[in-house]
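A short write-up of the structure that comes next.
Just so it is clear, the structure is predicted and the values come from calculations on it, not from any experiment. The chains referred to below are lettered A, B, ... by the order of the sequence lines, with proteins before strands, and numbering in each begins at 1. Computation of the quantities below employed the complete heavy-atom set of this structure, encompassing side-chain atoms and omitting hydrogens, waters and symmetry-equivalent molecules.
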Amino acid sequence: MTGNSVLCDMQARGPAMKVISLPRGRHQLHTMPTNAGYDRVQDCTYCWDGRRRGSTPFAIVQHTLAGEGNLRFEGRHYRLRAGDTMLVLVPHDHCYWLETGGSWEFFWIAMYGKEALRLQRALLDERGPVLRLSDKSIECLAENVDALIRSPELTAGRASALAYETLMALHDDLLVQDVALDATRTGVIASIQNHIHACLRCEPDTLAPQVEDDELDVASLAQLAGLSRSHFSRLFTRTVGMSPAQYVLNERMKRAAHLLEATDLSVKAIALSVGIHDPNYFSKLFRHAFSLSPSEFRLSGLYVNSRGRL
DNA sequence: ACGACACTACGATTCGTACT
DNA sequence: AGTACGAATCGTAGTGTCGT
């Protein structure tokens with residue numbers, strides 16, 4: 001929560017939504033909002049499945065003010081709490097919903113257009129679907145959503161500008177700051193990422209990882225980086241956009257998916273080769289990542305589609 | 001900027017069971 | 001034998017805070 005006046009006014013006025021219905025054909029603008037609003041939901045029927053919202057692509061930015069929502073995104077579960085901003089593209093394999101007995105207060109903007117989709121995709125690739133924005137960016141989002149809801153005579157150009165300004169705020173907050181990060185620091189993190197990749201890579205004729213997998217725990221990685229565990233964890237998360245443990249797990253799952261697709265090794269052998277000694281636990285992790293068991297995944301041929309998406 | 005410490009949520013592991 | 005899944009337990013990761 002930022003406590004800025006636009007947000008306070010929005011909350012005081014209560015739930016509101018505006019559908020921006022401007023004739024599509026004439027404008028050809030590359031960023032155009034379709035709807036925006038503010039809501040407090042308590043009804044557990046609130047549930048949006050990204051695969052069941054039609055075939056026309058659009059992007060959603062939804063910022064949580066209070067309560068708690070849930071997001072399943074490419075098989076991973078996120079809890080959306082106050083201060084979290086969710087990004088999703090439709091159509092896509094995700095679902096966000098409210099749990100029974102819960103409440104969720106948020107504002108959102110949905111938009112379509114070539115540039116809107118391109119930027120949203122870039123942000124998702126870089127940062128994932130759940131973000132922590134600066135107060136300044138949240139304020140910008142709130143102001144733009146408020147303007148979209150309340151402007152009595154909204155022209156196509158003005159609507160497009162508000163949506164684009166929203167995306168630019170996200171861009172500056174999340175992508176530009178990466179460039180500004182101290183080069184030495186990012187170099188250290190990059191070398192740790194390389195180390196993780198090296199650990200999980202193995203030669204075609206020997207499936208054993210090149211180094212012991214216990215070198216991939218956070219304490220060992222921190223030691224390698226020459227930093228304390230707590231500081232390393234924070235720095236890694238800030239630089240990469242996910243925690244070191246999460247990053248290692250993602251790399252393990254990517255490698256496992258590749259081995260399932262490219263070899264006929266048993267699930268047990270693949271679990272061992274990615275550094276997970278218990279095939280039962282491996283199956284559990286794999287299902288969590290891909291929404292399929294390893295054997296189902298192998299039969300489905302999904303790896304071709306999942307390449308580079310984890 | 002970084003380390004040290006403490007706290008807590010949840011991830012990792014083990015075990016038992018069921019199914020093919 | 002290989003795999004999947006649920007429950008229970010324990011350890012670790014993430015994070016807040018404070019000090020240097």
**Report entry** Gap between atom CG of A:D39 and atom CD of A:Q62 - 0.5 Å precision
**Finding:** 9.0 Å

Query raised in the report: Is the backbone of A:T31 close enough, under 3.5 Å, to the side chain of A:S160 for a donor and an acceptor to pair up by distance?
Result: yes

Requested in this report: Could you walk me through whether A:W108 and A:N35 pass the side chain to side chain donor-acceptor pair (under 3.5 Å) test, one step at a time?
Outcome: CA-CA 8 Å; A:W108 81 93; A:N35 62 77; 2.6 Å; yes

Got a list of protein N/O to nucleotides 9-12 of chain C N/O distances below 3.5 Å?
none

**Report entry** Ring centers of A:Y46, A:F106 separated by less than 6.0 Å
**Finding:** yes

Query raised in the report: Roughly, in whole Å, what's the span from CZ in A:F232 to C1' in C:dA13?
Result: 12 Å

Query raised in the report: Just how far, in rounded Å, is P of B:dA4 from CG of A:L227?
Result: 11 Å

Query raised in the report: Atom NE2 of A:H92 and atom CZ of A:R53: how far apart are they, to the nearest 0.5 Å?
Result: 13.0 Å

I'd like a list of close polar pairs between nucleotides 16-20 of chain C and the protein, N/O only, cut-off under 3.5 Å.
unit_1 : atom_1 : unit_2 : atom_2 : d
C:dG16 : N7     : A:R234 : NH1    : 2.9
C:dG16 : O6     : A:R234 : NH2    : 3.4
C:dT17 : O4     : A:R234 : NH2    : 3.4

**Report entry** Rounded distance in Å - CZ (A:F236) to P (B:dA1)
**Finding:** 19 Å

**Report entry** Candidate pair A:D146 and A:R13, rule salt bridge (Lys or Arg N to Asp or Glu O under 4.0 Å), full reasoning
**Finding:** CA-CA 11 Å; A:D146 191 56; A:R13 280 192 297 273; 2.5 Å; yes

Report task. Return the value, rounded to whole Å, for the distance between atom CD of A:E68 and atom C1' of B:dA9. Result -> 12 Å

**Report entry** Distance, nearest 0.5 Å, that separates CD1 of A:I60 from OG1 of A:T34
**Finding:** 8.0 Å

Query raised in the report: Counting only heavy atoms not in A:W97, do more than 12 fall under 6.0 Å of its CH2?
Result: yes

